[in-house]
Engineer: 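Can you read through this structure? Questions will come right after.
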Amino acid sequence: MTDTHLAADGQVEAELIVGGMTCASCAARIERRLNRLDGVVATVNYATGRAYVTQLGGRDPGELIGVISSTGYTAELPAPAAVGDTPPSDPVARALGWRLVVCIPLAAAVIVLAMVPAAQFTGWQWVSLLLAAPVAIWGAWPLHRAAWLGLGYAAATMDTLVSLGVAASFGWSLYALLFGGAGRAGMRMSFAFTFGQASGQTLYLEAAAGVTTAVLAGRYLEARARVRSGSALSALAGLGAKTVAVLRDGTEQRVPVAELAAGDLFVVRPGEKIATDGEVAEGTSAVDASLVTGESMPSEVGPGDQVTGATVNMSGRLVVRATRVGSDTLLAQITRLVSQALGTKASAQRLADRIAAVFVPCVIACAVATLGFWLGTGLPAAAAWSAAVAVLVVACPCALGLATPTALLTAVGRGAELGIGVKSAQALESAARIRAVVLDKTGTLTTGVMTVRDIVTGPGEDEKAALLLAGPVEDASEHPIGQAIARLAAERFGSLPSVTGFTALPGAGVQGSVDGRVVTVGSPRLFAELALEVPPSLRRAADTAAEAGRTAVLVGWDGQARAALVVADRLKPHAGEAIARLRALRLRPMLLTGDNSRAALAVAAQLGIPASDVFAEVQPEGKVEAIRRLQADGIAVCFVGDGVNDAAALAQADLGMAIGAGTDAAIGAADLTLVGGDPATAAEAIQLARATVAVIRGNLAWASGYNLLAIPLAALGYLNPLFAGIAMAASSLIVVGNSLRLKRFHR
């Protein structure tokens, strides 16, 4: 997306990739800086690593890049993605992953040596230094760098506090080893509860290594979540055809889709994707347009009809004249909708980041004041420094950093056992606010596969004979309705009679000879065009099927229709249970689909969803608008879908759930994935999310309360840095233990 889009209705005028952000407070700082510019309205999403500007105020995107650079971060316009491009892996996530691989075993060894006196062999302190140095220096380098850059712009974040705590702990330990006597042979760590017993021999290497590793683990989880946030756009970019057969001077030439120009004629054979939006110039066929409409029934197209890029030609050969190419196609518009929705979705701000602007300066000031006060009272420098370091160590946000990731990891594991894929903590936090659940129809509540639901025979006709004659003719057809009829016939009779003289007839029908009889199978309109007689009972059956949102296919021979086969999509086995369970959670189920209104109302009636909560024949942009209208009314919305046409709505909703059997674009845009495809799992996912949010809030409350209590104790001399490190570790263990309760979650 570039700076060419209009800002009407909150659309994005400019999109920038922002680098260097390490926490949500970084995003908030960039956002505040941009919005100080006259006429500029921008949001910065830490989860996606992008800035979305809905009003440029007459400025060029390059000027905004300069403003972001002046705050210590990097920014650039996103490069246009070519169809089928494989997105590069995120270098930040990869770098953090390597740091964790190195730091975890080193930190674990240092913590064991410090906390288990029996493990303290002769010279253990020097081994601890060798193990902790790579963690505190190389492992924590991203934190030190972010803190240094923040200081250059008078900004204090949790990185500042972590960097100071790690540097103070490691620096004091190095001093103690070299000059304080801690390096002597046979030295053992004593568990002194107050700084009065502290000496120059006290080491805090386990605090430096442990805090660094814990924070890196949290950052790695966040980076992985950012990678998955962009997977929807990557999936959309790969949906279109890569090459196209263009007609030039009467001959076909296979060229890359990027070379296709408006007005070009191109050929689409059965089974191929339509390369771009266009108008049919020659041929007739059935086109699977569920990508755009979500409707399970393929549409019949002929000369003059419009077709959409990335939809699939199912039967006849088509010659299409390109009308829209590149960024003007409907698929490109859907991609932009998804990108905009990802950018405007509010990112949950963790407590540790929200309080950073106040908490960090206060802790630093408290540590400096503690050092000055105890030096002023005549306390030895080692003891005064011990108290100051204790303040920094005990305030290190280890428990705060673990509060969300540990609960998330536990919820992810439990969710996987229950068939629920969780993308990020933000998704779980959003679930607690959900009040309405909007469900797509085809593929979500229904199977998305056409089946024969009923066989109505004319006067004196036999159901078996009608199916036995219709099955072989439709077996030669590639149309989904024909395949449904052929499948039922094969299930009932095994082998089918052979068919000769098969013809696909324009107007949704087929014809062929079976056992010497010319059999016609098709729509009532086709029978009218062929002047074949249709008995009144079969006309009524066709009308009744249409009113119920189903399709009636007539079967005829010897000059008249003999039976009507009623074909329709089928509800999934647990669709009714899904709606009942959502209502039990005091949620409002709604139906939103691109399918026709009769089919939508018929499904809603079976599920007990009132007609006022049914929205049918809605295009992808209409789905996004419907979600936005509900959100504008103050309703937090969950959307459940499975198709590309659902991707933008999944991204726009407060909570997006994708059916596991759905498209990659839908799964990428969603926050949660229902792996098994059972819509009843949606209620279970919300219950798990609510339980996880409750645990996260409990963790944050405990971690914050611990800091509020422990910092004054450290400043007053009741905690030396070693015991402060133990208290910090204990706080982290409590947070982890509370998170593990989610392993026992059940609905």
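Residue numbers run from 1 in the order of the sequence given. Remember, predicted model here, so these are calculated numbers, not experimental data.
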Engineer: Quick one: are L203 and L177 in side-chain contact, heavy atoms under 4.5 Å?
Structural biologist: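 Result yes, sub-4.5 Å side-chain heavy-atom pair found.
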Engineer: Which heavy atom in V110 sits nearest to a heavy atom in S128, and how many Å separate them?
Structural biologist: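 Heavy atoms only, the tightest pair is CG2-O, 3.8 Å.
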Engineer: Is there a side-chain contact between V40 and V53 (heavy atoms, below 4.5 Å)?
Structural biologist: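 Sidechains of V53 and V40: in contact.
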Engineer: Any donor-acceptor pair under 3.5 Å linking the side chain of T213 with the backbone of G210?
Structural biologist: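 Answer holds: no.
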Engineer: For the residue pair T122 and A185, what are the closest heavy atoms and their distance?
Structural biologist: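 So the minimum-distance heavy-atom pair works out to CG2-CB, 4.4 Å.
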Engineer: Can a donor-acceptor pair be found, under 3.5 Å and without considering hydrogens, that links the side chain of D654 to the backbone of A636?
Structural biologist: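 No: the side chain of D654 does not pair with the backbone of A636.
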Engineer: Which label fits W141 and H144: parallel for a plane angle under 30°, tilted from 30 to 60°, or perpendicular past 60°?
Structural biologist: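 Answer is perpendicular, since the angle exceeds 60°.
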Engineer: If you count the non-hydrogen atoms of other residues, nucleotides and ligands that lie under 6.0 Å from CH2 in W138, is the total more than 12?
Structural biologist: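 Yes - once you tally the heavy atoms of other residues, nucleotides and ligands closer than 6.0 Å, there are more than 12.
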Engineer: Do other residues, nucleotides or ligands put more than 12 heavy atoms under 6.0 Å from R690 CZ?
Structural biologist: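 Count over threshold, so yes.
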Engineer: Looking at every non-hydrogen atom in both residues, tell me the closest pair between T212 and G139 and how far apart they are.
Structural biologist: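 Looking at all heavy atoms of both residues, the shortest contact is CG2-C, 4.0 Å.
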Engineer: Specify the closest pair of heavy atoms between L688 and F745, including all atoms of both residues, with the distance to one decimal.
Structural biologist: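 Result for this residue pair: N-CZ, 3.4 Å.
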Engineer: Looking at CD1 of I696 and CG of N738, how far apart are the two atoms once the value is rounded to the nearest 0.5 Å?
Structural biologist: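 Going from the CD1 atom of I696 to the CG atom of N738 covers 10.5 Å.
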Engineer: Looking at every non-hydrogen atom in both residues, tell me the closest pair between F170 and A136 and how far apart they are.
Structural biologist: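 Shortest heavy-atom contact: CD1-CB, 3.8 Å.
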Engineer: Would you say Q120's side chain and L113's backbone share a donor-acceptor pair under 3.5 angstrom?
Structural biologist: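 Yes; at least one donor-acceptor contact below 3.5 Å.
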Engineer: A side-chain contact here means heavy atoms from C-beta on lying under 4.5 Å apart; do V67 and R33 qualify?
Structural biologist: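 Yes. Closest side-chain heavy atoms under 4.5 Å.
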Engineer: Of all the heavy-atom pairs spanning L205 and L129, show the shortest one and how long it is.
Structural biologist: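 Heavy atoms of L205 and L129 come nearest at CD1-N, 3.6 Å.
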Engineer: Hey, are the side chains of L130 and W126 touching, using non-hydrogen atoms and a 4.5 Å cut-off?
Structural biologist: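 A side-chain contact is absent here, since even the closest heavy-atom pair is not under 4.5 Å.
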Engineer: Within the structure provided, determine whether M657 and L655 are in side-chain contact (heavy-atom separation under 4.5 Å).
Structural biologist: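 Of all side-chain heavy-atom pairs linking L655 with M657, at least one is under 4.5 Å.
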Engineer: How many angstroms lie between CZ in F373 and CG in L716, if you round to the nearest 0.5 Å?
Structural biologist: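 Spacing of CZ (F373) from CG (L716) equals 8.5 Å.
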Engineer: At what distance, to the nearest 0.5 angstrom, does CG of L131 lie from SG of C103?
Structural biologist: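 That separation rounds to 11.5 Å.
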Engineer: For Q125 and A182, indicate whether the former's side chain and the latter's backbone hold a donor-acceptor pair under 3.5 Å.
Structural biologist: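 Yes: the side chain of Q125 pairs with the backbone of A182.
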Engineer: Using the rule given for side chain to side chain contact (heavy atoms under 4.5 Å, CB included), can you reason through V44 versus Y52, listing the C-alpha separation, both sets of side-chain angles and the distance that settles it, and then say yes or no?
Structural biologist: CA-CA 6 Å; V44 180; Y52 302 88; over 6 Å; no
Engineer: Begin with the C-alpha distance, continue with both residues' side-chain angles, and end with the deciding distance and a verdict on ring-ring contact (aromatic ring centres under 6.0 Å, His included) for W172 and Y175.
Structural biologist: CA-CA 5 Å; W172 175 262; Y175 169 82; 5.4 Å; yes
Engineer: Taking atom CZ of R59 and atom CG of L37, what is their separation to the nearest 0.5 Å?
Structural biologist: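 Separation between the atoms: 4.5 Å.
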Engineer: When you measure from the side chain of S169 to the backbone N and O of V166, does any donor-acceptor pair fall under 3.5 Å?
Structural biologist: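 Between the backbone of V166 and the side chain of S169 there is no qualifying donor-acceptor contact (under 3.5 Å).
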Engineer: Checking E76 side chain against I17 main chain: does a donor-acceptor pair fall under 3.5 Å?
Structural biologist: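 The answer is no, because no donor-acceptor pair under 3.5 Å joins these two groups.
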